[in-house]
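For reference, the structure is listed below as structure tokens.
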Protein chains: 2
Amino acid sequence: MVKTNTFQKILDGATLLFAQHGYDGAIMDDLAEQCGVNKASIYYHHKDKATLYENVLTALFIPIADAVVAAVELETDPVKKLDTHIKTFSKTSAENPCFASILMREMASGGVNMPARAREQMQRILFLLNQTLQLGQAQHIFQSANPLIIHFMIVGTINLFVSSTPFRQSLPITGQCDQLQNSNIESAAEQISKTIINSLLLK
Amino acid sequence: MVKTNTFQKILDGATLLFAQHGYDGAIMDDLAEQCGVNKASIYYHHKDKATLYENVLTALFIPIADAVVAAVELETDPVKKLDTHIKTFSKTSAENPCFASILMREMASGGVNMPARAREQMQRILFLLNQTLQLGQAQHIFQSANPLIIHFMIVGTINLFVSSTPFRQSLPITGQCDQLQNSNIESAAEQISKTIINSLLLK
DNA sequence: CAATAATGTAACTAACTAGTTAAATTAACT
DNA sequence: AGTTAATTTAACTAGTTAGTTACATTATTG
């Protein structure tokens, strides 16, 4: 089943609109105009608003979870696995900022309305982290820690970083703090990775 | 000017509704019903939906920033200041989970539509952190680090933790991972504080 | 107590919004 | 070319939603 040009155009426009305004704030008439298609075309390609939202989330979450799992599985050392986990998640999130916005909104609702296929992708990432941490513990490299909190540290920090780009640029911080200048995602990921790994390593 | 019972009842109901459904998802008729007041009473006490939202955010953000600033200023040691910063923020957030939900939604939009008074409160918290970090560096206790990323680590992790209570309870994690059991806010705050302080301390 | 101010309410309105319909256009195939 | 299937469109509909109005009730005060 080849997806048409219009199908994808609507999906891309909807991704942006849902990220910017949330489910309730995204207006189907605006979407039609933004994509340059007639509103009825949206309903021709996507059953209804709820289904369109599911389609958006599925298309957004699966590649990110895939990338993280694939990259981590290439490594064998727990420290390297964890570093790769954090950096791959950061990189793929930054490549598509809509992911961070949509995930944050969903988590703000307690994740209750999140479509099952999207939730499954987040669980894949959490399970992968859990495996890595247990491997590290088994090899007496890592001390015991709550994987869910580590997961939240990674996801929470990166989401906030990625989605706050406009906010960051409006911050009236004086030149006295030059650390704030290099606010690119790679250095953020590096700092998060170092921080987490450092706290996990057995002394 | 003494705020009436009804004014506060509407404010409380609106806080919950905005936290659960976001600005666009919160329906004024639902709010009236939930509070047991007539819809026109809402508009008698609060100019319109946007003003009500501002009132909610102001009432929610100011006490949290106040609490963090007050607690941190009681300490003199940078390490103790940072630990208090993280634990006070965690405690006050957990006491009012609506704060986390609303802040996450606002950050998902890039913080662009956040009312000025609410944004100022987040800046107070960030500036306070910046001061603590600089004090620690001046005393040769902390190494240099990006305060914004530390801020995001604290806020992102705690927000996610607080607002994910329903999500956490739905996680089908097997008993093999008993770390997940003690998912209370105090132990989360403890782990975050240790992690961050540990990574900042000069070796 | 009477008058006035403050608060509460049912019913209404105008604009908006998700989704539909039936007809038109374009592409695919024989 | 001619027929059928896929796609697009303008116009429409029914339900929803923020905000209003004119009136009723309750406090307050001189």
Side-chain angles (χ1 to χ4, degrees), chain A residues 1-59 98 102 105-106 108-109 112-115 118, chain B residues 1-59 98 101-102 105-106 109 112-115 118:
Chain A
M1 197 216 301
V2 178
K3 296 300 179 182
T4 64
N5 187 26
T6 306
F7 181 97
Q8 190 62 41
K9 197 159 62 175
I10 293 166
L11 203 67
D12 292 343
T15 305
L16 195 64
L17 211 63
F18 283 133
Q20 287 174 329
H21 304 290
Y23 183 82
D24 291 301
I27 307 303
M28 298 300 267
D29 291 79
D30 294 351
L31 176 59
E33 198 186 2
Q34 199 180 95
C35 298
V37 303
N38 188 279
K39 188 162 69 150
S41 277
I42 299 175
Y43 290 95
Y44 176 78
H45 288 285
H46 304 271
K47 183 175 175 294
D48 53 21
K49 194 181 180 181
T51 307
L52 173 61
Y53 187 66
E54 277 189 43
N55 293 342
V56 164
L57 263 67
T58 305
C98 294
I102 289 176
R105 283 185 208 280
E106 281 299 332
S109 314
V112 179
N113 305 314
M114 185 151 49
Chain B
M1 193 216 303
V2 178
K3 296 300 178 181
T4 62
N5 186 26
T6 306
F7 181 96
Q8 191 61 41
K9 198 159 58 174
I10 293 166
L11 203 66
D12 292 343
T15 304
L16 194 64
L17 211 63
F18 283 133
Q20 287 175 329
H21 303 291
Y23 183 83
D24 292 301
I27 306 304
M28 298 300 267
D29 292 78
D30 294 352
L31 175 60
E33 199 188 2
Q34 198 181 96
C35 299
V37 304
N38 188 280
K39 187 162 69 151
S41 276
I42 298 175
Y43 288 95
Y44 177 77
H45 288 285
H46 305 269
K47 183 176 176 293
D48 53 21
K49 193 181 180 181
T51 307
L52 173 60
Y53 187 68
E54 278 188 43
N55 293 342
V56 164
L57 263 67
T58 305
C98 294
S101 297
I102 289 176
R105 283 186 208 279
E106 280 300 331
S109 315
V112 180
N113 305 314
M114 184 151 51

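So that the names make sense, note that chain A is the first sequence line, chain B the second, and so on, each numbered from 1.
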> Can you find a donor-acceptor pair, distance only, under 3.5 Å between A/Lys39 side chain and C/dG19 base?
Replying inline: yes
>> Counting distance alone, no hydrogens or angles: does the base of D/dA10 have a donor or acceptor under 3.5 Å from a partner atom on the side chain of A/Asn38?
In response: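 Yes.
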> Between B/Tyr43 and B/Ala40, who's closer to the 5' end of DNA chain D by nearest nucleotide?
Replying inline: B/Tyr43
Separation of [N] [atom2] from [X] [atom1] (nearest whole Å):
X       : N      : atom1 : atom2 : result
B/Asp24 : C/dT17 : CG    : C1'   : 12 Å
A/Asp29 : C/dT20 : CG    : C1'   : 13 Å
B/Ile27 : C/dT17 : CD1   : P     : 11 Å
B/His46 : C/dG8  : NE2   : P     : 11 Å
A/Leu52 : C/dG19 : CG    : C1'   : 13 Å
B/Ile42 : C/dT9  : CD1   : P     : 11 Å
B/Glu33 : D/dT17 : CD    : P     : 12 Å
B/Ile10 : C/dT9  : CD1   : P     : 10 Å

>> To the nearest 0.5 Å, what is the distance between CZ on B/Arg105 and CD on B/Gln20?
In response: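 The distance works out to 9.0 Å.
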What are the two closest heavy atoms between [X] and [Y], and how far apart are they?
X        : Y       : result
A/Ala50  : A/Tyr23 : N-OH, 3.2 Å
B/Ile102 : B/Ala19 : CG1-CA, 3.8 Å
A/Cys98  : A/Thr15 : CB-CG2, 3.7 Å

> Base, sugar-phosphate, or nothing: which does A/Ala26 touch, judged by heavy atoms less than 4.0 Å apart?
Replying inline: sugar-phosphate
> Is it the case that B/His46 and B/Asn55 place a side-chain donor and acceptor less than 3.5 Å from each other?
Replying inline: yes
Short side-chain N/O contact to [N] OP1/OP2 from [X], under 4.0 Å:
X       : N     : value
A/Thr6  : D/dT8 : yes
A/Tyr44 : D/dT8 : no
A/His45 : D/dT8 : yes

